[in-house]
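Comments concern the structure below.
Any value given below was found using the heavy atoms of this structure, including those in side chains, with hydrogens, waters and symmetry copies removed. Labels below follow one simple rule: chain letters A, B, ... track the order of the sequence lines, proteins then strands, and each chain is numbered from 1.
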Protein chains: 2
Amino acid sequence: MAKLQKSIDKRNALVKATIELVNNNGFHATPMSKIAKMAKVSPATIYLYFENKQDLVNQTYIEVKAQYTSYAFETYNETMSVEEGFKLIWNRIADFKLKECENAMFLAQCDNTPMIDEESRQEGIKHLQPLLDLWERGRKEGIIKPLSDYLLYAYAINPLSFLMIIQKRGVFTLDKTHLEEAYQSAWSSIKVCQ
Amino acid sequence: MAKLQKSIDKRNALVKATIELVNNNGFHATPMSKIAKMAKVSPATIYLYFENKQDLVNQTYIEVKAQYTSYAFETYNETMSVEEGFKLIWNRIADFKLKECENAMFLAQCDNTPMIDEESRQEGIKHLQPLLDLWERGRKEGIIKPLSDYLLYAYAINPLSFLMIIQKRGVFTLDKTHLEEAYQSAWSSIKVCQ
DNA sequence: AAAAAAAGAATGAACGTTCATTTTTACATA
DNA sequence: TATGTAAAAATGAACGTTCATTCTTTTTTT
């Protein structure tokens with residue numbers, strides 16, 4: 001039970017500092033010493049909570065990914081119609097990416113670089129199951145195009161990542177109108193026409 | 001004229017090695033010494049062609065981006081209809097991402113991390129102008145939805161990046177059928193209905 | 001007062017870059 | 001064509017710094 005006694009606050013501070021620093025500098029350009037400093041902790045203390053730097057970033061990734069999907073599906077349930085369900089999930093994801101912008105950026109970076117272990121990556125993918133189930137149902141009902149899960153994901157959900165990154169760079173800003181339009185694009189791209 | 005005498009082959013080898021190593025290990029985990037070794041050159045030689053490591057990766061980014069867009073627009077001309085033009089460009093981009101998979105991966109990593117200077121990023125964006133012009137024309141003709149350029153890009157073109165990355169991970173493989181379906185999704189998401 | 005947690009300082013390896021030197025190239029002269 | 005030479009290009013080794021991790025000691029908790 002030793003581990004339970006350790007302050008969970010310190011662990012959280014470390015994870016938070018990791019996200020912020022990796023967002024701004026990238027994984028290998030954020031020294032453990034800086035993470036420690038931002039979390040107001042000694043570098044040596046990090047090693048009480050994590051095996052090493054790789055473990056720290058892996059765990060952070062899995063944690064943020066879990067947070068992301070749990071937020072996405074929180075208000076969804078399987079009795080909804082496919083269209084309703086998709087709209088709800090899509091909007092929750094958009095919400096998350098706007099409100100938890102730092103977390104979303106971190107996930108995008110992890111997903112596009114070799115900084116995460118293959119094992120942790122697989123772990124992160126599992127959480128998407130409810131969405132895959134919804135699509136399966138949609139295809140059976142003839143509402144969603146009979147495409148592979150990844151194609152659906154690429155056209156319906158993933159563009160949001162790109163928009164958030166562009167937004168972060170200050171090239172343009174997303175507002176409510178954009179989001180409604182983006183949702184319409186997403187839905188057009190995966191629904192069966194007519 | 002001194003610079004012109006330097007072997008262009010060495011420079012190319014350095015750029016190529018950078019792409020491969022950064023793809024596999026990330027920017028900060030690829031030492032100059034390894035880049036030099038892969039390019040069959042002394043570490044010191046790199047500094048005859050590039051100011052420093054940052055300059056090397058910036059120049060590599062701009063070069064690959066230019067290559068990408070030049071390939072994308074090579075066979076396009078403004079006398080084509082909007083729908084034809086879009087289909088052509090979309091397919092050229094898909095081609096590039098399949099054939100020049102390493103290069104495409106490298107761009108995705110650059111675009112999702114802080115590893116590239118802001119200035120070089122801006123430089124890279126400029127090359128997309130022909131696509132923006134096509135969309136402008138499409139909007140005027142009432143064929144393309146009246147959305148912002150980045151929204152159009154996010155739903156029409158960017159999903160391809162995601163698909164290539166998933167493909168690279170071995171989670172699924174893209175074939176000709178997928179590409180045709182993906183194109184249909186892309187077009188559905190940006191064309192005016194009816 | 002024993003055990004757990006935390007700290008700062010220390011360690012050794014790895015890195016980007018530079019330095020001193022050697023090798024190659026370009027070209028003028030014979 | 002052959003030879004000499006100065007500049008350019010290329011090199012391997014070395015330098016100083018930074019970093020992840022560990023070690024020893026101190027502080028906190030039970």
Side-chain angles (χ1 to χ4, degrees), chain A residues 1-61 106 109-110 113-117 120, chain B residues 1-61 106 109-110 113-117 120:
Chain A
M1 298 301 105
K3 294 218 166 180
L4 287 183
Q5 295 171 340
K6 294 183 192 173
S7 153
I8 193 73
D9 289 345
K10 284 208 175 120
R11 216 195 91 107
N12 289 342
L14 284 167
V15 166
K16 195 163 182 290
T18 302
I19 293 167
E20 183 170 339
L21 289 168
V22 168
N23 271 348
N24 290 328
N25 309 106
F27 174 49
H28 287 287
T30 57
M32 296 296 259
S33 57
K34 269 195 195 164
I35 296 176
K37 192 167 284 177
M38 182 171 276
K40 285 173 183 157
V41 139
S42 156
T45 304
I46 302 182
Y47 293 85
L48 299 176
Y49 295 86
F50 304 94
E51 262 179 55
N52 50 37
K53 196 180 178 187
Q54 187 63 55
D55 182 47
L56 165 60
V57 79
N58 283 342
Q59 288 203 39
T60 301
Y61 173 73
F106 180 77
Q109 188 169 171
C110 292
T113 65
M115 94 193 212
I116 298 291
D117 280 352
S120 303
Chain B
M1 298 302 104
K3 296 218 163 181
L4 287 183
Q5 293 171 343
K6 292 185 192 172
S7 154
I8 193 72
D9 288 346
K10 285 210 174 119
R11 215 196 92 107
N12 288 343
L14 284 167
V15 166
K16 193 160 182 291
T18 302
I19 294 167
E20 182 169 341
L21 289 169
V22 168
N23 272 348
N24 289 328
N25 309 106
F27 174 49
H28 287 288
T30 55
M32 294 296 258
S33 56
K34 269 194 196 163
I35 297 176
K37 192 168 284 176
M38 182 171 276
K40 286 175 184 158
V41 138
S42 157
T45 304
I46 302 182
Y47 293 85
L48 300 175
Y49 295 87
F50 304 94
E51 262 179 55
N52 49 39
K53 196 182 178 186
Q54 187 63 55
D55 182 46
L56 166 60
V57 79
N58 283 341
Q59 287 202 38
T60 302
Y61 173 72
F106 180 77
Q109 187 168 173
C110 291
T113 65
M115 95 192 209
I116 297 292
D117 279 353
S120 304

- Query: For B:F27 and B:Q109, which heavy atoms make the closest approach, and how far apart are they?
  - Reply: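 Closest approach of B:F27 to B:Q109, heavy atoms only: N-OE1, 4.2 Å.
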
In whole Å, what is the span from the [atom1] atom of [X] to the [atom2] atom of [N]?
X     : N      : atom1 : atom2 : value
B:K37 : D:dT11 : NZ    : P     : 14 Å
B:D9  : D:dA9  : CG    : C1'   : 14 Å
A:L14 : C:dA5  : CG    : P     : 15 Å

- May I ask you to test the B:D117-B:Q54 pair for a side-chain heavy-atom distance under 4.5 Å?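 Contact flag for B:D117/B:Q54 side chains = yes.
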
Using atom types as modelled, flag every donor-acceptor pair under 3.5 Å from a side chain in residues 33-40 of chain B to any protein atom, sequence neighbours excluded.
none

- Check side chain to side chain contact (heavy atoms under 4.5 Å, CB included) between A:A29 and all other residues, then give those that pass, not counting sequence neighbours.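 Once residues adjacent in sequence are excluded, the partners of A:A29 under the side chain to side chain contact (heavy atoms under 4.5 Å, CB included) criterion are A:N25, B:H28.
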
- Task: State the CG-OH distance between A:N12 and A:Y49, to the nearest 0.5 angstrom.
- Result: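 Rounded to the nearest 0.5 Å, the CG-OH separation comes to 10.0 Å.
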
- Message: Return a single string for nucleotides 7-24 of chain C, one symbol per nucleotide in 5' to 3' order, where B is base contact, S is sugar-phosphate-only contact and - is none, cutoff 4.0 angstrom on heavy atoms.
- Response: BB------SSBBB-----

